[in-house]
Amino acid sequence: MQVLKIKQNTEEWFEFRKGKSGGSEFKDLWIAGLPLKSRIVEFLERDGQELSPADKRSKVEDLAAMLEPEELAELKLEADLKRKYYELIASEVARPLTPNDYIDRLNGQPFSEMARGHLLENDALDEFAERYGNPEDFLIDKEPGVWVSDYNPNIYISPDGAVENRNGDILAAIEVKCLASWEVVKAYLTNQYPQEYEPQVIKYFVVNEKLEKLYFLLYTDLIPGLELQVWEIKREDVADRIADAKAFEDAIMKRVAAGIEKIKELGF
């Protein structure tokens, strides 16, 4: 063991911690549970070895005990890794978020994550157009307005952009997210946009029944080389969930309307 004479909570200490696992970090990295029993069995039989029927009936704890610590760690890391894993990587590859960097673009309004996101939306659309666009093929509409459902006027979506042809026909919608650096890193390493936004993704195809494509953009100005990530989502990719989403939202909005009306009847 080495002993480094670094005083805690100093600039040197914060710099040293980047990308490293200390006590506080490890508790947020540690995966306490065990892998699935079926996965342990599969791993133990990976070289053509056959477990006995009795072993296969063993408890997951007993099967896990047959693994070397390194093997168990390998299986645990197949799980959905914790947020701290991505935060450690981001601490090393992303520059810190500095609110002062945006002062000249905020026009006097206070800094917030939401304000930063709105500022960067335009940058994301420009980057997308430069990387994927051809002025002869399509145009990027940065103010596509609000799209309202034909079957329920209380159901709508507000696109961040739209891809249109020269005749003004909508070819695709664009949704832009400017998230924390760890979320940007996770999306890149897993090659998957944040799944908490899937309902919003499906909503585009619910509201615009003619929409065939959505571009989901993840943009950052904090990680060089990873400024823009793009997912192309087609209607067919979410087709099995559109009807359920439509029926649910229609039903819950009718209930919202009924609740509003019930309270309005009370008067003031």
Side-chain angles (χ1 to χ4, degrees), residues 102 105-107 109 113-179 183-184 187-188 191-221 223 225-254 256-257:
Y102 306 93
R105 300 176 62 185
L106 287 170
N107 297 321
Q109 66 175 314
E113 293 283 356
M114 183 178 294
R116 171 179 173 263
H118 289 317
L119 289 176
L120 296 182
E121 278 181 10
N122 193 64
D123 297 344
L125 293 172
D126 287 341
E127 179 74 16
F128 174 77
E130 181 177 343
R131 189 179 301 186
Y132 293 89
N134 184 335
E136 297 180 0
D137 296 332
F138 62 77
L139 302 173
I140 303 296
D141 184 354
K142 294 182 179 180
E143 296 183 1
V146 176
W147 298 356
V148 182
S149 167
D150 286 333
Y151 66 88
N152 188 327
N154 292 323
I155 293 175
Y156 72 96
I157 194 84
S158 299
D160 295 316
V163 180
E164 300 177 353
N165 62 21
R166 290 291 178 177
N167 296 323
D169 301 319
I170 297 173
L171 304 178
I174 303 174
E175 177 64 30
V176 180
K177 297 297 181 188
C178 304
L179 306 178
E183 294 176 284
V184 174
Y188 176 72
N191 193 28
Q192 187 177 63
Y193 68 87
Q195 290 303 285
E196 60 263 35
Y197 295 109
E198 188 174 57
Q200 187 176 8
V201 166
I202 297 172
K203 178 73 174 281
Y204 272 95
F205 299 97
V206 169
V207 172
N208 187 338
E209 296 178 340
K210 295 182 179 180
L211 186 69
E212 293 296 328
K213 188 181 297 183
L214 167 69
Y215 289 105
F216 188 100
L217 277 53
L218 197 54
Y219 186 82
T220 183
D221 59 344
I223 307 178
L226 205 56
E227 289 84 358
L228 181 67
Q229 298 180 69
V230 179
W231 284 266
E232 181 183 296
I233 303 162
K234 299 178 181 178
R235 175 174 286 272
E236 61 196 57
D237 297 332
V238 296
D240 60 333
R241 283 159 285 175
I242 293 175
D244 287 345
K246 178 179 179 180
F248 178 83
E249 187 168 30
D250 190 44
I252 199 168
M253 290 310 296
K254 286 178 180 177
V256 167

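The residues of the chain are indexed from 1 along the displayed sequence. Heavy atoms only: backbone and side chains are in, while hydrogens, waters and symmetry mates are out.
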Using the rule given for side chain to side chain contact (heavy atoms under 4.5 Å, CB included), can you reason through Leu171 versus Glu164, listing the C-alpha separation, both sets of side-chain angles and the distance that settles it, and then say yes or no? CA-CA 5 Å; Leu171 304 178; Glu164 300 177 353; 5.7 Å; no
Given Met253 and Asn152, is the side chain to side chain contact (heavy atoms under 4.5 Å, CB included) satisfied, shown in steps? CA-CA 9 Å; Met253 290 310 296; Asn152 188 327; 4.1 Å; yes
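Pro153 and Val148 get closest at one heavy-atom pair: O-CG1, 3.6 Å. Nearest heavy-atom pair across Pro159 and Gly145 is CD-O, 3.4 Å. Across Ile202 and Ile242, no two heavy atoms sit closer than the pair CG2-CA, 4.1 Å. Between Leu217 and Phe128, the shortest heavy-atom distance links the atoms CD2-CB, 3.6 Å. Minimum heavy-atom separation, Ile140 to Ala129: CG1-CB, 3.7 Å. Residue Cys178 comes nearest to Gly117 through the heavy atom pair SG-O, 3.8 Å, listed as atom of the first residue, atom of the second, then distance.
Surrounding CG of Asp240 are more than 12 heavy atoms belonging to other residues, nucleotides or ligands, all under 6.0 Å away.
Side chains of Tyr156 and Val207 form no contact here, defined as non-hydrogen atoms less than 4.5 Å apart. Counting only heavy atoms from C-beta outward, the side chains of Val163 and Ile174 approach each other to under 4.5 Å. Contact check for Val238 versus Arg235: no side-chain heavy atoms found under the 4.5 Å cut-off. Looking at Phe216 and Pro194, their side chains come closer than 4.5 Å, going by heavy atoms from C-beta outward. Proximity of Arg116 to Leu106: side-chain heavy atoms (C-beta onward) are nowhere separated by under 4.5 Å.
Under 4.0 Å is where a charged nitrogen must lie from a carboxylate oxygen, and between Lys142 and Asp160 no such pair does. Look at Lys177 and Glu183 and you find no salt bridge, because none of the NZ, NE, NH1 or NH2 atoms lies under 4.0 Å from a carboxylate O. Salt-bridge annotation for Asp237 and Lys213: absent, with no side-chain N of the basic residue lying under 4.0 Å from a carboxylate O of the acidic one.
Between atom CD1 of residue Ile155 and atom CD1 of residue Ile252 there is a gap of 10.0 Å, rounded to the nearest 0.5 Å. The line from OH of Tyr215 to CG of Leu125 is 13.0 Å long, rounded to the nearest 0.5 Å. Residue Glu209 holds its CD atom at 6.5 Å from CG of Asp150, rounded to the nearest 0.5 Å. With rounding to the nearest 0.5 Å, the separation of CG in Asn154 from CD in Glu249 is 10.0 Å. Separation of atoms CG (Leu226) and OG1 (Thr220) is listed at 7.5 Å; rounding is to 0.5 Å. Atoms CD and CD1, on Gln200 and Ile157 in that order, are 5.0 Å from each other to the nearest 0.5 Å.
Arg131 contributes a side-chain N or O that, together with a main-chain N or O of Leu228, makes up a donor-acceptor pair within less than 3.5 Å. At distances below 3.5 Å, at least one donor-acceptor pair connects side-chain atoms of Asp141 with backbone N or O atoms of Glu143. At least one donor-acceptor pair under 3.5 Å links the side chain of Arg105 to the backbone N or O of Leu119.
Residues meeting the side-chain contact (heavy atoms from CB on, under 4.5 Å) test with Glu236, sequence neighbours left out: Lys234.
Because its NZ or CZ atom is not both nearer than 6.0 Å to the ring centre of Phe205 and within 45° of the ring axis, Lys246 does not count as a cation-pi partner of that residue.
Of the candidates Tyr193, Tyr197, Trp231, Tyr204, Tyr204 is the only one forming a side chain to side chain donor-acceptor pair (under 3.5 Å) with Glu175.
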